[in-house]
Amino acid sequence: MSGTIMKSLVTSFLLTGCVLCTACQKELGYTGFGGTLNETVTEAISLSTDKACYKPSDIVSFSADKMPAGEIYARYRHLGDVVEEVKVTTARWTWQTPAEDYKGYLVELYQKTDEGDNILSTIGVDVSSDWDRFPRYGFLSKFGPMDKAQSDAIIDNLNRFHINGVQFQDWHYKHHWPLGGTAENPLETYLDIASRNTSLTTLKNYISQIHHYGMKAIFYNLCFGVLDDAEEDGVSKDWYLYNESSCKNINNHPLGAPFKSSIYLVDPGNVQWQEYLAAKNDDVYAVLDFDGYQIDQLGNRGQLYNASGQKVNLPAGYASFINAMKAKHPSKDLIMNAVSNYGADKIIGTGKTVFGYNEMWAGESGFSSLRSAVEDNYRFSDNECRTVFAAYMNYNVADGLGYFNTPGVLLTDAVMFALGASHLELGEHMLGKEYFPNSNLVMKPELQEALVHYYDFLVGYENLLRDGGSFDDLAVKSVNSDYKLTSWPPQTGKLTTLTKKVGNRQVVHVINFIKADSTSWRDIDGTMPEPDLLESVVIDIPAQGTVKRVWMATPDHNGGALEELTFKEGAGKVRVSIPHLKYWDMIVLEY
């Protein structure tokens, strides 16, 4: 429902990629590395890697924008363990990843001092032979003629967030004829659904740069959409969906100017339609090196009928459509949107989508709905299917020009990431609406900086966040009378814990809702207040064995670098003092 469900085309402007650039550092003061959260570090170092993800035993190339004087070291950690530690003498260096597949690493660049190790910067490294286990999905939405340097810069920016798959939204010529022209004679330029210019060269340049970074390029289209000239292009009137058994009114999504046409629905389970669109996708794959197809729907449309007046089961049709697309192009990845969870069981149940994709709306606005969707996707797939949320932040604010509300975005990402999901939110700009080209809201530098740390954290600790385990809802207790604490689900005015057992580790996420003004992830009017920085938060965690070690990490401090914690054990519990908590801390007990 993302790309075509809009009432009008809104004024937009492009936010070009800018991650920790000099101007942003000066405006922001660049805090977070070295010492306390409140200190400003004048010699901040920005790290980057040459890919978004790596195969086992690949070589990673690191770059630092500057290097201070003195002895500098790189430490490569997998969860709590140091894999390797080397001295770094130049601003560019390499590391060969271990041979194990599907592992996340956090790399700490640090300087040894008399007071201990001074963390200068961090970056995540994902070693995964495919993206299905740890998907981090981004998007593109503007494909007009542009200089290659401009399109490359946008993908360069996404690489810094370790985005490993990119959805091309509303790139197509027509829903029922996605490629502009034919495989033999593709159009260099054409108008998309919103009458915007699309350039074949721009599409090819984007795909090339995406593959350069090891990312997947995924094209978007509905599973059942046609325009008003579809019959001229070979679509049969026998394929349409109708609002009533008498077949008087074709079900459609009305669109006015500047859109080329309203969108009319055909039966996704109709075999002839499947064959027609699969043939059109042949042309797409022949001309553009896409890695797969992002399939969309429009949510629950009520009872619909085919051209024979028979009732149509749309979710069953979705499953049939997915199976047909996979059979036609078995090497291509498929993702399908479960709008408000509609049809999710049938979609995931095919076993042919690489992960669960949930577009969340007002009916699923609570943080608790996020967990339900994650658990449903696991349940529908024998615990195999990860979740990506299409969830639009500050939705009402995006009707006009302005900024995203940093606390709302970070609190929502903290919950999603703690649940083991990721958030479709980053492209040429950040998403605020289901019409992806809407770029009315931009990120303040402080949000851009924070999100770099959050995505490094998501990668560095992916094997705790997203790689199995089970939520166990331990009854964690607060020892500080000043800090009220509750187990999941979140409550305003309190800290909330989300606990998970992963192998021999107990993970305790502590998320700060003390100043939150709601328990809705949407922060629809951009009013979520910034939480206070809390210090010395003492908690008791039920122990399920002998604890040998306790450590914590947070994207809100020192770039997610691991911090060892002292603890006391007795009476079936472990007492830990959390030194600092802003939005989200992850506490890990190792048994």
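All residue numbers in this chain count up from 1 along the given sequence.
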- Scan His423, Lys216, Gln294, Glu425 and name whichever one has a side chain to side chain donor-acceptor pair (under 3.5 Å) with Tyr137. Gln294

- Task: Would you give the length of the straight line joining atom CD1 of Ile45 to atom CD1 of Ile119, rounded to the nearest 0.5 angstrom?
- Result: 11.0 Å

- Item | Result of checking Glu428, Gln167, Gln169 against Ser141 for side chain to side chain donor-acceptor pair (under 3.5 Å) | Glu428

- Message: If I take atom CZ from residue Arg549 and atom CH2 from residue Trp551, how far apart are they, to the nearest 0.5 angstrom?
- Response: 7.0 Å

- Message: For Phe355, does the six-membered ring have the charged nitrogen or CZ of Arg386 within the cation-pi criterion, i.e. under 6.0 angstrom from the centroid and within 45° of the normal?
- Response: no

- Chi angles and distances behind the ring pair (Phe, Tyr, Trp, His ring centres under 6.0 Å) call for Phe139, Phe436: CA-CA 8 Å; Phe139 73 93; Phe436 283 26; 5.3 Å; yes

- Task: Please round to the nearest 0.5 Å and tell me the distance separating atom OG1 of Thr387 and atom CZ of Arg466.
- Result: 8.5 Å

- Query: Does any donor atom in the side chain of His212 or Asp50 lie under 3.5 Å from an acceptor atom in the other side chain?
  - Reply: no

- Between Tyr461 and Phe417, ring centroids under 6.0 Å: no

- First locate atom OH of Tyr206, then atom OG of Ser199, and finally report the distance between them rounded to the nearest 0.5 Å. 10.5 Å

- Message: If you define the side chain from C-beta out and look only at heavy atoms, does anything of Trp171 sit under 4.5 Å from Leu288?
- Response: yes

- Message: Is there a side-chain contact between Lys500 and Val508 in this structure, where contact means two heavy atoms from C-beta onward sitting under 4.5 Å apart?
- Response: no

- Query: Pick one: which of Leu140, Ile218, Asn159 meets side-chain contact (heavy atoms from CB on, under 4.5 Å) with Ile210?
  - Reply: Leu140

- Query: Should the pair Lys433 and Tyr392 be classed as cation-pi, given the thresholds of under 6.0 Å to the six-membered ring centre and 45° from the axis?
  - Reply: no

- Query: Mind checking whether Trp95 and Tyr76 have parallel, tilted or perpendicular rings, split at 30° and 60°?
  - Reply: parallel

- Residue pair Asp152 / Asn205, side-chain donor-acceptor N/O under 3.5 Å: no

- Message: Using side-chain heavy atoms (C-beta onward) and a distance below 4.5 Å, is Trp521 in contact with Leu370?
- Response: yes

- Message: Within this structure, what is the CG-CZ distance for the pair Asp540 and Arg575, rounded to the nearest 0.5 Å?
- Response: 4.0 Å

